[in-house]
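Right, one structure below, let's go through it.
As a basis for the values below, the full set of heavy atoms in this structure was taken, side chains included, without hydrogen atoms, waters or symmetry mates. All ligand and atom numbering here is 1-based and tracks the order in the structure. One-based numbering along the sequence shown.
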Amino acid sequence: MTRHFLQLSDLSAAEAASVISRAQQLKASRDTSYRPFVGKTLAMIFAKNSTRTRVSFEAGMARFGGHALFLHSGVTQLGRDEPIADTARVLSRMCDAIMIRNDSQADQAELAAYSRVPVINGLSELHHPCQLLADMQTWVEHRGDAAGKTAAWIGDGNNVCHSMIQAATLFGFKLRIAAPDGYLPDAGIVAIAGDAVSLCGSAAEAVAGVDLVATDTWTSMGQEAETAKRLKAFDGYQVDDALMQLAKPDALFMHCLPAHRGEEVTANVIDGAQSVVWDEAENRLWAQMALLEFLLAA
Ligand code: CP
Ligand code: NVA
């Protein structure tokens, strides 16, 4: 049966662990002679901007001997209201996998329902599962197994936060979330995670003694009209040196990027010794190569 990757919980814990360990292997070997995807094409539909997601999928397909097709949705017939189901049926007869970044988890599910080939969520309004594969690879690479450890999410309870919640269940770590009222993560996603996730009253409470501190922009793509309101709402949720000092001395700092220095994080923290954001960005490449290998073999 065709496997899709629309949210992190589409993988079992064992599958997720094996994707991460394969990603580490691929990174360690950097073997450009291994080309399992010769003749294969990944269609990449983007309704939103991207640097990392586009480049990592494109470079990953190239390393594997395949091809990636960049489709800005606005210049395809999707931009002229061709149904998503018809698009799925057509693309999946010509391509071997489809990646989509848009603002609708529901449309992504419909795309998958009508696709003969794996569909990958490259970010939606609800999830960013590829990001968390790279984040988990980065955590393991720097500190070993995440099981039994604790992370803090500071700021917006957004798409990346939702995927981190699912990562906590899948990889066995605890996640403490500090977000202002009105910006909490989806209650249903939090509830499914049970005691893996707790909501904290302040950023300081969330980071106390943790192994990892993560944040993201306060204004996600599509929310630009709310920027001024959000800047006010997130006052007190900046990750700065004082906050990092409350975490374990060897705590890592992560951010999916793009970052806004002086807003959700200070330059000192993101450009400092505890930050692993560049490894995190690089690992999008290796983690997604491992994911593509897994989905195309399934
Ligand atoms: N982190 C991430 O998905 O980056 P892009 O928006 O540049 O793809
Ligand atoms: N939460 C951000 C992530 C960008 C990679 C957004 O949705 O814009």
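Note: the hydrophobic cluster containing F37 does not contain I98 (ILVMFWY, side chain heavy atoms under 4.5 Å, direct or indirect links). By the criterion of side-chain heavy atoms lying less than 4.5 angstrom apart, applied directly or through intervening Ile, Leu, Val, Met, Phe, Trp or Tyr residues, L71 is not grouped with M44; the two fall into different hydrophobic clusters.
For the pair R284 (side chain) and A134 (backbone), a donor-acceptor distance under 3.5 Å is absent. Although no hydrogens or angles enter the test, the distance criterion places a donor-acceptor pair under 3.5 Å between the side chain of H162 and the main chain of D186. In this structure, E224 contributes its side chain and G222 its backbone to a donor-acceptor pair below 3.5 Å. Using a distance-only test at 3.5 Å, with no hydrogens or angles considered, a donor-acceptor pair links the side chain of Q105 to the main chain of L6.
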> For H128 and T53, what are the C-alpha separation, side-chain angles and deciding distance, and is it a side-chain contact (heavy atoms from CB on, under 4.5 Å)?
Replying inline: CA-CA 10 Å; H128 196 3; T53 304; 4.1 Å; yes
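Looking at ligand 1, you'll find an N or O of T53 within less than 3.5 Å of one of its N or O atoms. Between V160 and ligand 2, no pair of N/O atoms sits closer than 3.5 Å. By the 3.5 Å distance cut-off applied to N or O atoms, S220 is counted among the residues near ligand 2. Taking only nitrogen or oxygen atoms, main chain and side chain alike, L257 reaches within less than 3.5 Å of ligand 1. The distance criterion of under 3.5 Å between nitrogen or oxygen atoms is not met by M221 with respect to ligand 1.
For ligand 2, the atoms sitting less than 4.0 Å from at least one non-hydrogen atom of L123 are 3 (C), 4 (C), 5 (C), 7 (O), numbered in the order shown with element in parentheses. Heavy-atom proximity to D216, at under 4.0 Å, picks out these atoms of ligand 2: 1 (N), 2 (C), 3 (C). For ligand 1, the atoms lying closer than 4.0 Å to a non-hydrogen atom of C256 are 1 (N). Counting the atoms of ligand 1 from 1 in the order shown, those under 4.0 Å from a heavy atom of T51 are 5 (P), 7 (O), 8 (O).
Closest to atom 8 (O) of ligand 2 among all protein heavy atoms lies M221 N, 2.8 Å. Atom 6 (O) of ligand 1 has as its closest protein heavy atom R101 NH1, 2.8 Å. Ranking protein heavy atoms by distance to atom 7 (O) of ligand 2, first place goes to N159 ND2, 2.8 Å. The protein atom (non-hydrogen) at minimum distance from atom 2 (C) of ligand 1 is R284 NH1, 3.3 Å. The single protein non-hydrogen atom nearest to atom 4 (O) of ligand 1 is R52 NE, 2.8 Å, given as residue, atom name and distance.
Both the sub-6.0 Å distance and the 45° axial angle are not jointly satisfied by R230 relative to the ring of Y183.
D235 and K232 are not joined by a salt bridge, as no carboxylate oxygen comes within less than 4.0 angstrom of a charged side-chain nitrogen. By the 4.0 Å N-to-carboxylate-O rule, D31 lies too far from R63 to be salt-bridged with it.
Residue H128 touches ligand 1 through its side chain alone, judged by heavy-atom distances below 4.0 Å. Contact annotation: for D156 versus ligand 2, there are no heavy atoms closer than 4.0 Å.
Side-chain contact of Q131 with N159: a donor-acceptor pair under 3.5 Å is absent, judged by distance alone.
At least one heavy atom of L257 sits less than 4.0 Å from an atom of ligand 2.
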